[in-house]
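Accompanying notes for the structure given below.
Both ligands and their constituent atoms are indexed starting at 1 by order of listing.
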Amino acid sequence: MTRRAVELLLLVALGAVWGWTQEAATWTFAGALVGALVWSMFDGLRARDVLRWLSKSDAAHSPHVSGIWGEVVERIRKLIKKLEKKAQNSDARLEDFLAAIQASPNGVLLLDSAGRIEWSNLTAAGHLGFDPQRDLGQYVANLVRSPAFVAYLAGGDFSAEIQIDGPGVRPSQPSKISLQIHPYGKKRKLLLTRDVTAVRLAEAMRRDFVANVSHEIRTPLTVLSGFVETMQSIPLEEADRDRYLGLMSQQARRMQTLVSDLLTLSRLEGSPAPGPGEWIPSEELLEHVIQEARGLSQAIAKPAHDIRVADGPAFWVSGAKTELLSAMSNLLSNAVRYTPGGGRIEAGWRLREDGVGEFFVTDTGPGIAAEHLPRLTERFYRVDRSRSRETGGTGLGLAIVKHVAQRHGGQVDVQSVLGHGSTFMIAWPPNRVRARVTG
Ligand code: ADP
């Protein structure tokens, strides 16, 4: 401030001295006025530089002005820097925020008051089938043509979510998308989407499962109660009575087997995967299930099957022993039940080059057509329904085998040609197989 005053006074004094040298009092006054004018002109030029700079708001290239203007420039420069930093921080936070919404498994879409897309994450675009870049600014009702969605959007009642068909992998299998609108701000809308295909599928599977179990139990129950009624109402000969009782106990056993398989399945699904468990010699497991299969064959087949143990290396297998035995014996009992009497069945362990230990059962039975193979391990899926029932099958055997294999990190495989027998295999991962030197 003082510098400014000194500059002004200096120029006024210079003007006055110049006027005084003209030897007239008015000239002295005029000189002082000219001095003041010159000063305000220079000051105006500096103010112009500052204003020009301000209009560009470029903190890095501030004008070189001194005095109070220099002070003003410096303060404004600091203010601009502070604001720039603040803006940068806000930008970074916005970026982080948008990145977090992008990473969300749920779709997020912002609509303006007219229903145009203002912003969308990739998930929402995927769920609703539009391009998140190209379709910005488009009316969402023009892009999502589902009648249910159009009615929902127009109706204005957003208290509940709705479900629409999404763009599935294949048009024949659309995904199911659940969406709900949440109004906010000035007539704006937040649209949240969720892929509920898996949930719907699980619901459908649960419904099918309950229906299947009910059906499986109802059949033997109907037969049983029929016999009970007959026995109650008609006096029977000893032989007929025995026959009826035999058939009744057969139906009761069928229900017992079904319940036992269901319990096994639910135990397998509900318990944590087994750790390394015991290390069991492969031939001990094999011996056990082969004996069982021979017993079953003698009981149900005439003539009995030719059941052989295939040559193979001896090794240790690790896992839950009861589960291993149950999976192996399920495969062997299937071979016995589906191969006509006298047929040949071979079972054994082999060690694959990749270190996987494989248990296999080969039979000379009817074989299975290729279209059934992918569905064999589904619960209650049967190729030959009557043969399965006749031989006491529950339709759950291979589902149990698959669960046991998966819990141990392994998998089930089937090779079969209709009319030429089948080979069922369970592959145990290398970490559950250990070479064994036999004496
Ligand atoms: P099930 O109790 O009916 O045998 P599984 O789950 O064990 O049920 O098997 C499913 C279906 O796979 C069977 O119903 C049968 O049609 C078919 N299957 C299984 N093993 C064999 C086999 N070795 N030969 C022919 N078909 C088989």
### Task
Under the side-chain contact (heavy atoms from CB on, under 4.5 Å) rule, what do Q291 and E287 come out as? Steps first, then yes or no, please.
CA-CA 6 Å; Q291 289 308 334; E287 191 60 32; 3.0 Å; yes
### Query
Looking at atom 13 (C) of ligand 1, what's its closest protein heavy atom, distance included?
Y338 OH, 3.3 Å
### Summary
Quick note on ligand 1: atoms under 4.0 Å from a heavy atom of G397 include exactly 5 (P), 6 (O), 7 (O)
### Task
Taking only heavy atoms of G395 into account, list the atoms of ligand 1 that are under 4.0 Å away from them.
1 (P), 2 (O), 3 (O), 6 (O), 8 (O)
### Query
How far is atom 11 (C) of ligand 1 from its nearest protein heavy atom, and which residue and atom is that?
Y381 O, 3.6 Å
### Query
What about L398: any of its N or O atoms under 3.5 Å from an N or O on ligand 1?
yes
### Task
Report yes if some heavy atom in the side chain of V108 is under 4.5 Å from a heavy atom in the side chain of L190; otherwise report no.
yes
### Message
Need the ligand 1 atom indices (1-based, order shown) with element for anything under 4.0 Å from a heavy-atom of G393.
### Response
2 (O)
### Message
How far is atom 12 (O) of ligand 1 from the closest protein heavy atom, and which atom is that?
### Response
L376 CD2, 3.4 Å
### Task
Report the nearest protein non-hydrogen atom to atom 23 (N) of ligand 1: residue, atom name, distance rounded to 0.1 Å.
D363 OD2, 2.8 Å
### Query
So, do M248 and Q251 sit near enough that their side-chain heavy atoms are less than 4.5 Å apart?
no
### Per-atom contacts of ligand 1 with T394, taking only distances under 4.0 Å to non-hydrogen atoms
2 (O)
### Message
Surrounding CD of E237 (heavy atoms of other residues, nucleotides or ligands, distance under 6.0 Å), is the total greater than 12?
### Response
no
### Message
Checking a contact table here: which protein heavy atom is nearest atom 16 (O) of ligand 1, and how many Å away?
### Response
V383 N, 3.0 Å
### Message
Among all protein heavy atoms in this structure, tell me which lies nearest to atom 19 (C) of ligand 1, with the distance rounded to 0.1 Å.
### Response
N334 ND2, 3.5 Å
### Task
Taking the side chain as every heavy atom from C-beta outward, state whether L109 and W119 have any atom pair closer than 4.5 Å.
no
### Task
Assess whether side-chain contact (heavy atoms from CB on, under 4.5 Å) is satisfied between T123 and N106, documenting all intermediate values.
CA-CA 6 Å; T123 317; N106 292 334; 5.8 Å; no
### Query
Going by heavy atoms, is S422 under 4.0 Å from ligand 1?
yes
### Summary
ligand 1 to R337, heavy atom cutoff 4.0 Å, flagged ligand atoms 1 (P), 2 (O), 4 (O)
### Message
side-chain contact (heavy atoms from CB on, under 4.5 Å), that's the test. Do V144 and I164 meet it? Break it down for me.
### Response
CA-CA 10 Å; V144 184; I164 60 168; 4.0 Å; yes
### Query
What heavy-atom pair brings W428 and H408 nearest, and what distance separates the two atoms?
CZ3-CB, 3.1 Å
### Task
Output yes when R267 and E323 qualify as a salt bridge under the 4.0 Å nitrogen-oxygen rule, no when they do not.
no
#### Entry: Sub-4.0 Å atoms of ligand 1 with respect to non-hydrogen atoms of D384
16 (O)
#### Entry: Polar atom proximity, P366 to ligand 1 (N or O, under 3.5 Å)
no
### Message
Which of the numbered atoms in ligand 1 are under 4.0 angstrom from any heavy atom belonging to F424?
### Response
19 (C), 20 (N), 21 (C), 22 (C), 23 (N)
### Message
Regarding atom 25 (C) of ligand 1: of the candidates T377, V401, I368, which has the closest heavy atom?
### Response
I368
### Query
Would one find an N or O of A399, backbone or side chain, under 3.5 Å from an N or O of ligand 1?
no
### Query
Is a salt bridge present between E346 and R308, judged by a nitrogen-to-oxygen distance below 4.0 Å?
no
## Note on the structure
ligand 1 to S388, heavy atom cutoff 4.0 Å, flagged ligand atoms 1 (P), 3 (O), 14 (O)
### Query
In terms of side-chain geometry, is the basic nitrogen of R46 or D49 positioned less than 4.0 Å from the acidic oxygen of its partner?
no
### Message
For E378, is there an ion pair with K402 - N to carboxylate O distance below 4.0 angstrom?
### Response
no
